[in-house]
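As the structure is a computational prediction, the values presented were derived from the model and not from experiment.
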Amino acid sequence: MASKFTRSQGTRLFISTAVTDALTTPPIDDEDYIALGCTLNSYNRAGGQRTEIDVSTFCSEVMEKDFGLKDNGTATFSGNYFDGDEAQDLLREAEATGDRHEFRVIDARNREARFIGVVTQTSEESSVNGKWNATFTVAIVSPIVRAAYVP
């Protein structure tokens, strides 16, 4: 049996040019987004978790728990720092304002994940005999919609 996998080369990352509170309904116009992928080389989504609520009582024989709302976690975009890049400038502006934007991640198999996010942190780093790197952390504040990408 052959291994199943998806190549990361060819992944496309986008941020909406307009501030939004709701996911766009199809059909989606690619012109309403700025590509992030020409300076970035890493994407990582860490899923959140539900809040544990202790519902134990004096009658409980073991710890009893209920669970709160799901947290969709965070996404981190990393790559080459480039001041003046339209996409990175928009990410830095979004962090300063706290505005919500729609993010799109399209893999090499044309599978798309879309979500609304708030840029909560930006960082830059450099070292001797190296290059400048940038990292952007985005809190996911909507459900994640997964679908086939249709250009």
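- Taking the six-membered ring for Trp and thresholds of 30 and 60 degrees, F77 and F103 have nearly parallel ring planes, at less than 30 degrees apart.
- A chain of hydrophobic side-chain contacts below 4.5 Å, direct or via other Ile, Leu, Val, Met, Phe, Trp or Tyr residues, connects L40 to Y43.
- Residue I140 is not grouped with residue F14 when hydrophobic side chains (ILVMFWY) are merged at heavy-atom distances under 4.5 angstrom, including chains of intermediate members.
- In this structure the side chain of T135 reaches within 4.5 angstrom of the side chain of S78, judged on heavy atoms.
- Side-chain contact annotation: T122 with R92, donor-acceptor N/O pair under 3.5 Å absent.
- Atom CD1 of residue I106 and atom CG of residue L13 lie 9.0 Å apart, to the nearest 0.5 angstrom.
- Hydrophobic clustering, with ILVMFWY side chains joined whenever heavy atoms are under 4.5 angstrom apart, groups V141 together with V145.
- A salt bridge (charged side-chain N to carboxylate O under 4.0 Å, His left out) check over residues 121-138, counting only residues at least two apart or in different chains, returns nothing.
- In the hydrophobic clustering of ILVMFWY residues, with side-chain heavy atoms under 4.5 Å counting as a link, L36 and L90 come out together.
- In this structure, Q88 contributes its side chain and N80 its backbone to a donor-acceptor pair below 3.5 Å.
- The closest donor-acceptor contact from the side chain of T20 to the backbone of H101 lies at 3.5 Å or more, if one exists at all.
- In this structure, R50 forms no cation-pi arrangement with F67, as its terminal cationic atom is not both closer than 6.0 Å to the ring centre and no more than 45° off the ring axis.
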Run the side chain to side chain contact (heavy atoms under 4.5 Å, CB included) test on T74 and Q121 for me, step by step, so that the C-alpha distance in whole Å, both residues' side-chain angles and the decisive distance to 0.1 Å come before the verdict. CA-CA 11 Å; T74 59; Q121 182 180 35; over 6 Å; no
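- No chain of hydrophobic side-chain contacts below 4.5 Å, direct or via other Ile, Leu, Val, Met, Phe, Trp or Tyr residues, connects L91 to F82.
- Side-chain atoms of Y149 and D30 form a donor-acceptor pair, as typed in the model, at a separation below 3.5 Å.
- Distance check, rounded to the nearest 0.5 Å: CZ of R114 to CD of E102 gives 5.0 Å.
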Step by step, would you call Y33 with T24 a side-chain hydrogen bond (donor to acceptor under 3.5 Å, both in side chains)? CA-CA 11 Å; Y33 299 84; T24 304; 3.3 Å; yes
Apply side chain to side chain contact (heavy atoms under 4.5 Å, CB included) to the pair D66 and D54, showing each step before the final yes or no. CA-CA 7 Å; D66 194 10; D54 182 356; over 6 Å; no
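- A87 approaches A35 most closely through the heavy-atom pair CB-O, 3.4 Å.
- Of the inter-residue distances, the one linking M63 atom CE with S56 atom OG reads 5.0 Å to the nearest 0.5 angstrom.
- One finds the OG1 atom of T76 at 11.0 Å from the CZ atom of R45 (value rounded to the nearest 0.5 Å).
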Working note: R104 + E112, criterion side chain to side chain contact (heavy atoms under 4.5 Å, CB included); need CA distance, chi angles, decisive distance, verdict. CA-CA 7 Å; R104 298 170 62 202; E112 180 175 25; 2.4 Å; yes
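- Contact record, F115 with A75: CZ-CB, 3.9 Å, taken as the closest heavy-atom pair.
- Within a 6.0 Å sphere centred on CG of L69, heavy atoms belonging to other residues, nucleotides or ligands number 12 at most.
- Taking both residues in full, the closest heavy atoms of G98 and V118 are given as O-CG1, 3.9 Å, listed atom of the first, atom of the second, then distance.
- The distance from the OG1 atom of T137 to the CG atom of N44 is 9.5 Å, given to the nearest 0.5 Å.
- Other residues, nucleotides and ligands place no more than 12 heavy atoms under 6.0 Å from the CD atom of E86.
- Interatomic distance, CZ of R100 versus CG of D21, reported as 5.5 Å (0.5 Å rounding).
- A heavy-atom distance below 4.5 Å is found between the side chains of I116 and L23.
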